[in-house]
Protein chains: 2
Amino acid sequence: MKDERFCNSHCPFTRAIGTIGNKWKPIIINVIGTRTIRFGQLDAIIPHITRKVLTEQLKELEEDGLLERMAYKELPPRVEYKLSEKGLAFLPILEAIKVWNLKYEVVTMP
Amino acid sequence: MKDERFCNSHCPFTRAIGTIGNKWKPIIINVIGTRTIRFGQLDAIIPHITRKVLTEQLKELEEDGLLERMAYKELPPRVEYKLSEKGLAFLPILEAIKVWNLKYEVVTMP
DNA sequence: ATTTGTAGTTACTAAATAGTAACCAGTATA
DNA sequence: TATACTGGTTACTATTTAGTAACTACAAAT
């Protein structure tokens with residue numbers, strides 16, 4: 001997120017929302033989970049995301065220390081991503097969101 | 001969120017992110033907490049938010065069933081907001097985010 | 001008669017986020 | 001020689017989100 005009012009807030013909770021409070025990051029973190037995964041796989045697995053947005057979000061996640069990026073000097077290139085300790089520690093929160101949603105979401109059948 | 005790919009996703013987790021995955025909603029939910037609060041108070045307490053954005057977000061939170069809005073027919077008008085059961089059930093998740101942030105955030109002193 | 005107070009709304013503009021399509025490197029394979 | 005492969009980048013456009021300032025209603029107090 002570029003909003004400096006969030007990222008430089010004196011409130012730690014606001015800063016936390018500044019790093020994970022958007023729509024793509026929780027999705028990406030959830031898809032990675034506990035595995036090591038390549039860029040192309042993420043691109044293929046996550047519905048609707050574009051390579052541009054995926055690149056941007058991965059970069060921010062890495063900067064914020066949730067993600068580790070390993071680039072192998074091969075051809076064609078291979079780049080692997082996995083969650084850091086910080087990123088892994090966020091997974092239970094995503095699980096809690098799933099449970100919460102399951103319990104309270106009102107499903108409207110179209 | 002207006003992104004229909006999130007709100008109409010077949011994946012419940014993606015839909016959940018569609019309702020709370022933005023920067024303002026976690027902040028608003030956290031500020032309301034367990035109390036009953038008026039529009040003007042929210043506007044005063046939440047840093048940087050504008051009345052326009054606050055109105056929009058409150059409306060969406062109400063539509064998604066996280067929030068209850070009580071309008072009293074007085075003059076000047078009085079409107080009170082409080083979290084629904086669903087909204088209250090989301091508070092522990094926000095607490096978990098605070099704990100997570102406290103443990104893992106790397107604080108850079110400017 | 002004017003100001004105060006509340007909870008907004010409206011029209012317009014600005015900024016942030018996302019989408020599209022083309023392009024790159026360098027080796028391997030057809 | 002041309003194409004594929006991977007993990008991007010770039011330039012440009014479109015959409016979404018947010019900010020600004022003015023305005024509304026109605027009653028009470030000044």
Side-chain angles (χ1 to χ4, degrees), chain A residues 1-9 14 17-28 31-32 35-64 67-82, chain B residues 1-9 14 17-28 31-32 35-64 67-82:
Chain A
M1 203 189 288
K2 286 177 184 169
D3 194 325
E4 300 200 348
R5 301 194 316 266
F6 275 69
C7 300
N8 301 332
S9 170
T14 301
I17 296 304
T19 83
I20 47 85
N22 76 9
K23 63 182 177 188
W24 288 116
K25 288 195 187 133
I27 300 289
I28 293 171
V31 163
I32 299 178
R35 61 183 151 173
T36 295
I37 196 167
R38 295 179 63 174
F39 181 84
Q41 289 180 280
L42 283 170
D43 185 39
I45 292 170
I46 300 173
H48 306 299
I49 203 166
T50 62
R51 291 169 104 71
K52 174 175 164 269
V53 170
L54 181 55
T55 307
E56 290 166 357
Q57 299 294 312
L58 289 171
K59 206 168 281 179
E60 287 185 18
L61 285 171
E62 198 195 348
E63 283 169 6
D64 290 329
L67 199 59
E68 288 167 19
R69 178 183 185 276
M70 289 105 56
Y72 297 89
K73 286 177 180 132
E74 301 173 358
L75 274 163
R78 178 161 61 103
V79 179
E80 291 183 341
Y81 293 92
K82 64 171 183 176
Chain B
M1 204 188 290
K2 286 178 185 171
D3 195 323
E4 300 200 348
R5 302 193 315 266
F6 276 69
C7 299
N8 301 333
S9 170
T14 302
I17 296 304
T19 82
I20 47 85
N22 77 9
K23 64 182 178 188
W24 288 117
K25 289 202 185 121
I27 301 289
I28 292 170
V31 164
I32 300 179
R35 61 182 151 173
T36 294
I37 196 168
R38 296 179 63 175
F39 181 84
Q41 288 179 280
L42 283 170
D43 184 40
I45 293 170
I46 300 173
H48 307 299
I49 205 167
T50 61
R51 292 171 103 70
K52 173 175 165 268
V53 170
L54 181 55
T55 307
E56 290 166 355
Q57 300 294 312
L58 289 172
K59 208 169 282 180
E60 288 184 17
L61 285 171
E62 198 196 348
E63 283 168 6
D64 290 329
L67 199 59
E68 287 167 21
R69 178 183 185 275
M70 289 104 56
Y72 297 89
K73 287 179 180 131
E74 301 172 359
L75 274 162
R78 178 161 62 103
V79 179
E80 291 184 340
Y81 294 91
K82 64 172 181 174

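Proteins come first, then strands; the chains are lettered A, B, ... in the order of their sequence lines, and each starts at number 1. Note that the coordinates shown come from a computational prediction; the quantities given were computed from them, not determined experimentally.
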Looking at [X], does any N or O in its side chain come under 4.0 Å of the phosphate oxygens OP1/OP2 on [N]?
X      : N       : result
T50(B) : dA18(D) : no
Q57(B) : dA18(D) : yes
R51(B) : dC23(D) : no
K59(A) : dT9(D)  : yes
R69(A) : dG8(D)  : yes
W24(A) : dA18(C) : yes
K23(A) : dA16(C) : no

For residues R69(A) and L58(A), determine if any side-chain heavy atom of one lies less than 4.5 Å from a side-chain heavy atom of the other. no
Closest to the [X] side chain: [options]?
X      : options                   : result
F39(B) : dG8(C), dG8(D), dT17(D)   : dG8(C)
R5(A)  : dG19(D), dA18(D), dT20(C) : dG19(D)
T55(B) : dA7(C), dT9(C), dG5(C)    : dT9(C)

Parallel, tilted or perpendicular: which one describes the rings of F6(A) and W24(B), with boundaries at 30° and 60°? perpendicular
Shortest non-hydrogen contact from M70(B) to T36(B)? CE-CG2, 4.3 Å
Round to a whole Å and report the spacing from [atom1] of [X] to [atom2] of [N].
X      : N       : atom1 : atom2 : value
K52(B) : dT24(D) : NZ    : C1'   : 18 Å
L75(B) : dA25(D) : CG    : P     : 12 Å
E62(A) : dG7(D)  : CD    : P     : 15 Å
L58(B) : dA7(C)  : CG    : P     : 11 Å
L42(A) : dT6(D)  : CG    : C1'   : 14 Å
D43(B) : dA7(C)  : CG    : P     : 10 Å
F6(B)  : dT16(D) : CZ    : P     : 13 Å
E74(B) : dG5(C)  : CD    : C1'   : 12 Å

Assess whether atom NZ of K82(B) is packed by more than 12 heavy atoms of other residues, nucleotides or ligands within 6.0 Å. no
Verify the neighbour count for atom CD of E74(B): are there more than 12 heavy atoms of other residues, nucleotides or ligands below 6.0 Å? yes
Would you mind classifying the nucleic acid contact of Y72(A) as base, sugar-phosphate or nothing, using non-hydrogen atoms under 4.0 angstrom? nothing
Assign each of P77(A) and V79(B) to its nearest nucleotide of DNA chain C by heavy atoms, then name whichever residue's nucleotide is nearer the 5' end. V79(B)
Please compare P76(A) and D3(A) by the position of their nearest nucleotide in DNA chain D and report the one closer to 5'. P76(A)
Of V53(B) and G40(A), whose closest DNA chain D nucleotide lies nearer the 5' terminus? G40(A)
Does a side-chain N-to-carboxylate-O contact under 4.0 Å join K52(B) and E56(B)? yes
